[in-house]
Novice: 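Have a look at this one.
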Amino acid sequence: MKVTVIGAGYVGLTTALALAYIGHDVAVVEKDREKLEILREGRSPLYEKGLDELLKIVREDVFFTENLDDCVPSADIVMIAVGTPAKKNGEADLSYVEQAVKGIAESLRPGGSYTIVIKSTVPVGTNEMVSQKLSQLLNQRNVSCDVHIVSNPEFLREGMALQDTFYPERIVVGTRSRKAISDLQQLYQPITQQTFTPPEFLPRPNGLQLPHFIIVEPASAEMIKYAANAFLALKISFINEIAGLCEKVGADITDVAKGIGTDKRIGNSFLNAGIGWGGSCFPKDTLALLELARQKGYAMPIVAAAREVNYRMRKEAVAKLRKHLGDFKGKKVAVLGLAFKPGTDDLRDAPALDIIRELLAEGAEVSACDPVALRNARKAFEGVANISFFEDPYEAALGADAVVLATEWPQWANIDFGRLRQQVRNPLFFDGRNFFNPDEVFKSGFQYLGVGR
Ligand code: UDX
């Protein structure tokens with residue numbers, strides 16, 4: 001099928017390249033010239049596992065452009081995958097979606113038949129709004145064509161975006177149009193039936209189950225996305241809340257999580273206690289959900305509490321260090337891991353950033369360390385004093401009064417605590433992700449602090 005994807009961000013680019021790989025004729029529209037140039041050179045403008053490799057394979061088959069007019073008129077499917085950042089009040093900012101809709105309306109060919117897919121995470125009701133706006137704009141142009149609109153939210157984890165695109169658990173399709181349903185069935189058929197030959201670098205997982213193809217009303221599809229993210233966020237906040245109580249009563253949260261996670265109704269994933277969630281989705285989507293509820297005059301105390309607990313974790317991390325160091329004046333803290341989770345260079349609402357800001361505000365000197373996020377980190381702290389950046393954890397730890405693990409990068413799993421001990425001034429280790437075996441850390445002469453253990 002001929003597919004146009006608007007927006008070459010994490011979601012758009014991943015989806016576009018995967019669709020090209022499974023045999024579709026794909027065009028990507030990106031307004032950012034710098035990004036476009038990088039893509040045309042065959043490189044990925046963002047850090048996402050496997051994207052460079054996939055780009056090498058499909059490069060010749062994907063058309064990169066900044067003009068909707070170059071590809072929308074002849075497309076069967078036009079996918080909107082632009083950003084929907086949070087506005088100050090938490091509401092999702094739909095201006096990029098609106099721009100895309102306007103551009104699409106100007107490019108559709110009279111008499112053509114199109115399925116417009118909304119992939120961006122958008123508030124409930126956006127499908128309806130897009131539908132009205134499009135017909136209004138087409139009327140103004142005096143153009144009539146056959147347009148079908150479908151909400152098709154993504155469930156991609158950063159760092160695992162290709163894995164989640166090729167081997168999803170479900171594909172959610174929200175529409176009232178039979179044509180749109182059949183188009184999306186055709187579009188995703190190689191994925192729903194797993195008939196494609198996997199790329200060498202991304203083999204099909206053993207025992208993979210075929211994804212569910214869930215057809216629902218547009219508003220339900222939009223709600224599924226928010227509800228999924230809110231539920232995952234509150235699952236983590238729940239375990240973090242229990243972790244706090246574990247510390248008070250001498251229980252170990254990792255054992256508690258194991259103990260409750262084996263109950264299938266609870267499940268053991270997303271029960272890792274730590275300094276909490278960040279990223280581009282959980283913070284923004286929980287906030288958008290609360291704002292939507294507020295507009296509708298509806299209270300959502302559970303979602304609100306999930307956020308409250310989450311941001312409390314960051315404060316408590318600093319409080320724990322304060323308790324052990326006295327105060328931070330003249331103290332040096334090494335923060336290992338800046339990205340909001342491993343496998344990405346994304347710093348959006350990363351717990352490490354808030355922790356570092358607080359440490360700096362209280363007079364600490366910070367050495368910040370991350371294997372891939374330093375470029376973004378330098379930008380985030382531009383002009384800020386008393387912070388230095390390292391790729392190597394041992395260098396970052398030199399002369400430190402405390403070492404904090406904020407992101408559990410797998411390459412640090414075998415960190416040599418003996419060597420780390422030689423580097424620091426004061427042997428205090430705060431494992432903000434409960435990543436290490438406390439005994440191992442302790443054996444090397446460190447005092448070990450975890451979250452809920
Ligand atoms: C999430 C959803 O998983 C994905 O389905 C959705 O489409 C986008 O949002 P992502 O933001 O990439 O994906 O990250 P995810 O792996 O879900 O982790 C989110 C945050 O939760 C990270 O900060 C991570 O460190 C934290 N986390 C995760 C925990 O603190 N404990 C856990 O057990 C799991």
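Whatever order the structure lists ligands and atoms in, that order sets their numbers, starting from 1.
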Novice: Does ligand 1 have any atom sitting under 4.0 Å from a heavy atom of Cys281?
Specialist: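 The answer is yes: ligand 1 sits under 4.0 Å from a heavy atom of Cys281.
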Novice: In this structure, does ligand 1 have an atom that sits under 4.0 Å from one of the heavy atoms of Gly274?
Specialist: no
Novice: Assess the side chains of Tyr114 and Asp76: does a donor N or O sit below 3.5 Å from an acceptor N or O?
Specialist: no
Novice: Can Arg204 be said to sit on top of Phe166's aromatic six-ring, NZ or CZ under 6.0 Å from centre and within 45° of the ring axis?
Specialist: no
Novice: With atoms numbered from 1 as shown, which atoms in ligand 1 lie under 4.0 angstrom from a non-hydrogen atom of Glu158?
Specialist: 12 (O)
Novice: Looking just at side-chain N and O atoms, do Glu158 and Ser280 make a donor-acceptor pair shorter than 3.5 Å?
Specialist: yes
Novice: To check your reading of the model: name the closest protein heavy atom to atom 23 (O) of ligand 1, its residue, and the distance in Å.
Specialist: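 Ranking protein heavy atoms by distance from atom 23 (O) of ligand 1, first comes Phe340 O, 2.9 Å.
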Novice: Where the closest heavy atom to atom 6 (C) of ligand 1 is concerned, which of Thr121, Asn229, Asp349 has it?
Specialist: Asn229
Novice: Return a yes/no value for Arg157: is any of its N or O atoms, backbone included, closer than 3.5 angstrom to an N or O of ligand 1?
Specialist: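 Min N/O separation from ligand 1 is not below 3.5 Å for Arg157.
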Novice: Whether the Asn127 and Ser151 side chains hold a donor-acceptor pair (N or O, under 3.5 Å, no angle test) is what I'd like checked.
Specialist: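 Yes, a side-chain donor-acceptor pair sits under 3.5 Å.
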Novice: Can you tell me which residue and heavy atom of the protein come closest to atom 31 (N) of ligand 1, and the distance to 0.1 Å?
Specialist: Asn272 O, 3.0 Å
Novice: Return a yes/no value for Leu232: is any of its N or O atoms, backbone included, closer than 3.5 angstrom to an N or O of ligand 1?
Specialist: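 In fact, backbone or side chain, Leu232 has no N or O that close.
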Novice: Quick one: salt bridge (Lys or Arg N to Asp or Glu O under 4.0 Å) pairs with a partner in residues 83-95, sequence neighbours left out?
Specialist: Lys87-Glu91
Novice: Near Glu154, which atoms of ligand 1 are under 4.0 Å from a heavy atom of that residue?
Specialist: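 Checking each atom against Glu154, I get 7 (O).
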Novice: Any salt bridge between Glu440 and Lys443, counting N to O under 4.0 Å?
Specialist: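 So Glu440 pairs with Lys443 through a salt bridge.
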Novice: Any idea which protein heavy atom is nearest atom 5 (O) of ligand 1, and the distance to it?
Specialist: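 Protein heavy atom with the smallest distance to atom 5 (O) of ligand 1: Phe155 O, 3.2 Å.
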Novice: For Leu156, counting its heavy atoms only, list the atoms of ligand 1 lying under 4.0 Å from any of them.
Specialist: 4 (C), 6 (C), 7 (O), 8 (C), 13 (O)
Novice: Taking atom types as modelled, is there a side-chain donor on Glu291 or Gln295 under 3.5 Å from an acceptor on the other?
Specialist: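 Their side chains do contain a donor-acceptor pair, which is all the 3.5 Å distance test asks for.
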Novice: In the protein, what heavy atom is nearest to atom 19 (C) of ligand 1, and what distance, to one decimal place, separates them?
Specialist: Phe282 CE1, 3.5 Å
Novice: Using the rule salt bridge (Lys or Arg N to Asp or Glu O under 4.0 Å), only one of Arg314, Lys315, Arg348 pairs with Asp354; which is it?
Specialist: Arg314
Novice: Using 30° and 60° as the class boundaries, would you call the ring planes of Phe389 and Phe381 parallel, tilted or perpendicular?
Specialist: tilted
Novice: Is Lys225 near ligand 1, meaning one of its heavy atoms is under 4.0 Å from it?
Specialist: yes
Novice: Starting from atom 20 (C) of ligand 1, find the nearest protein heavy-atom neighbour and note its residue, name and distance.
Specialist: Trp277 CB, 3.5 Å
Novice: Between Lys284 and Thr84, do the side chains contain a donor N or O and an acceptor N or O under 3.5 Å apart?
Specialist: yes
Novice: What's the shortest distance from atom 17 (O) of ligand 1 to any protein heavy atom, and which residue and atom give it?
Specialist: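 Looking at atom 17 (O) of ligand 1, the protein heavy atom closest to it is Phe270 CZ, 3.2 Å.
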Novice: Less than 4.0 Å is my threshold; does some heavy atom of Glu408 fall inside it relative to ligand 1?
Specialist: no
Novice: Sorted by first residue and then second, give each salt bridge (Lys or Arg N to Asp or Glu O under 4.0 Å) pair with at least one member in residues 228-237; sequence neighbours left out.
Specialist: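 Listed by first then second residue: nothing to list.
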Novice: Hey, mind stepping through Asp401 and Leu321 against side-chain contact (heavy atoms from CB on, under 4.5 Å) and telling me if it holds?
Specialist: CA-CA 10 Å; Asp401 296 284; Leu321 292 170; over 6 Å; no
Novice: Looking only at protein heavy atoms, which one is nearest to atom 10 (P) of ligand 1, and what is the separation?
Specialist: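 Result for atom 10 (P) of ligand 1: Lys341 NZ, 3.7 Å.
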Novice: Check this for me - ligand 1, Ile236, N or O atoms closer than 3.5 angstrom, yes or no?
Specialist: no
Novice: Quick one: which ligand 1 atoms are inside 4.0 Å of a heavy atom on Arg433?
Specialist: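 Near Arg433, meaning under 4.0 Å from one of its heavy atoms, ligand 1 has 25 (O), 30 (O).
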